[in-house]
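Below is one structure, written out as structure tokens; the observations come after it.
Note that the numbering runs from 1 along the sequence shown for the chain.
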Amino acid sequence: MDYPDRFVMSCTRSPERVAQIRRISAAHLRLWGLGDCIETATLVISELVTNAVRYGERDEISFSLSHLKGEVRMDVGDGTSGRPRVKRPASDEETGRGMLIVDALADDWGTTDDGSRTWATIAVPAPMRTTPGFWCEWRRADGERLSACASPRPASAINWACTQMRVIASTIGEPLLADLWDWLAEGWRDAAAALERGEDFTLRLVAGPHAFVWHARFVRFLPMALTDPEGSECAWSATG
């Protein structure tokens, strides 16, 4: 059985409790590894607790914060019966926007059957998943980039490098240079070993007036959602 992370407290119904509960809640969210939720959750908590402080019918208010299965739940009890109303105050009114903010930020909210407790939930953002790989480039000796490629594995990075090496040799009118360069690179064994260790690798190839550099570095790719006329595609952005 899954048990939620949970924090529960009760306190006097006084205005200074709003900031206190907000700070304590932020600390618990950080402790639970939910730092990405803090901004939204503390805004919702501020409005719920402020509502309880202003309109509660008991000397004390109760508060609970819990996290289970990708959801954060905030629960405030003040003894008041009835469901809070979402008001839409005029632009010159200074109050009345609390539940409007909750309604906008929370994924769901409501009250218990007797109306004495108001709750709200927000979804925990899915963690960004990164994929390890290699960013590879062929450049001229002066630094001009000729081609680049993202490769998920050392073997695919080196296969791409060898293919591009032959393309470069053919482009400059010296196709046989590719065989010479391949021999000078000793079958790319050093490159493969370095990439397997997650290390950067630079290979310089020179033949007469021709000089080129192949460089590969370990990176982590971040998913980026892109939309095109054919539908949604997934691209990757290199980092680190």
**Report entry** Steps toward side-chain contact (heavy atoms from CB on, under 4.5 Å) verdict (Leu65, Trp32)
**Finding:** CA-CA 11 Å; Leu65 176 72; Trp32 298 338; 4.0 Å; yes
Is there a side-chain contact between [X] and [Y] (heavy atoms, below 4.5 Å)?
X	Y	result
Ser10	Ile61	no
Val72	Leu34	yes
Ile158	Phe201	no
Asp78	Arg58	no
Arg6	Val8	yes
Leu48	Trp119	no
Ile45	Ile21	yes
Phe7	Ile24	yes

Query raised in the report: Is any side-chain N of the basic residue among Arg139 and Glu137 closer than 4.0 Å to the acidic one's carboxylate O?
Result: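 Salt bridge: yes.
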Testing the basics here: between [X] and [Y], what is the closest heavy-atom pair and its distance to 0.1 Å?
X	Y	answer
Leu195	Ala216	CD2-CB, 3.9 Å
Cys37	Ala123	SG-O, 4.4 Å
Trp160	Cys136	CZ3-CB, 3.6 Å
Val102	Val44	CG2-O, 4.2 Å

[X] and [Y]: side chain donor to acceptor below 3.5 Å:
X	Y	value
Thr12	Arg17	yes
Arg22	Ser46	yes
Ser64	Arg73	no

Indicate if [X] and [Y] have the same hydrophobic cluster label, given that clusters are the connected sets of ILVMFWY residues with side-chain heavy-atom separations under 4.5 angstrom.
X	Y	result
Trp109	Ile101	yes
Leu43	Leu29	yes
Ile38	Ile122	yes
Val167	Ile172	no

Measuring from [X]:[atom1] to [Y]:[atom2], what's the distance to the nearest 0.5 Å?
X	Y	atom1	atom2	result
Phe212	Glu144	CZ	CD	9.5 Å
Asp190	Glu199	CG	CD	11.0 Å
Arg140	Ile168	CZ	CD1	8.0 Å

Requested in this report: Measure the acute angle between the ring planes of Trp214 and Trp138, then classify it against the limits of 30° and 60° as parallel, tilted or perpendicular.
Outcome: tilted
**Report entry** Heavy-atom neighbours of Asp59 CG exceed 12 at 6.0 Å
**Finding:**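 No, the 6.0 Å shell around CG holds no more than 12 heavy atoms from other groups.
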Query raised in the report: When you look at CD of Glu39, are more than 12 heavy atoms from neighbouring residues, nucleotides or ligands closer to it than 6.0 Å?
Result: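 Atom CD in Glu39 is not packed in, count stays at 12 or less.
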Show the atom names and distances, to 0.1 Å, of all donor-acceptor pairs under 3.5 Å that link a side chain in residues 147-155 to residues at least two apart or in another chain.
from, atom 1, to, atom 2, distance (Å)
Ser147, OG, Gln164, OE1, 3.2

Query raised in the report: Can you tell me if Arg13 uses its side chain to pair, donor with acceptor, with the backbone of Glu60 under 3.5 Å?
Result: no
Query raised in the report: Distance-only, no hydrogens or angles: does the Asp108 side chain make a donor-acceptor pair with backbone N or O of Thr121 under 3.5 Å?
Result: no
Query - side chain to side chain donor-acceptor pair (under 3.5 Å) assessment of Ser62 paired with Arg117 - result: CA-CA 9 Å; Ser62 59; Arg117 302 184 68 82; 2.5 Å; yes
Requested in this report: Only pairs at least two apart or in different chains count here, so list each side chain to side chain donor-acceptor pair (under 3.5 Å) that has a residue in residues 200-212.
Outcome: Thr202-His215
Report task. Just do the side-chain contact (heavy atoms from CB on, under 4.5 Å) check on Cys11 and Met9 with the steps written out, would you? Result -> CA-CA 7 Å; Cys11 59; Met9 69 173 289; 4.0 Å; yes
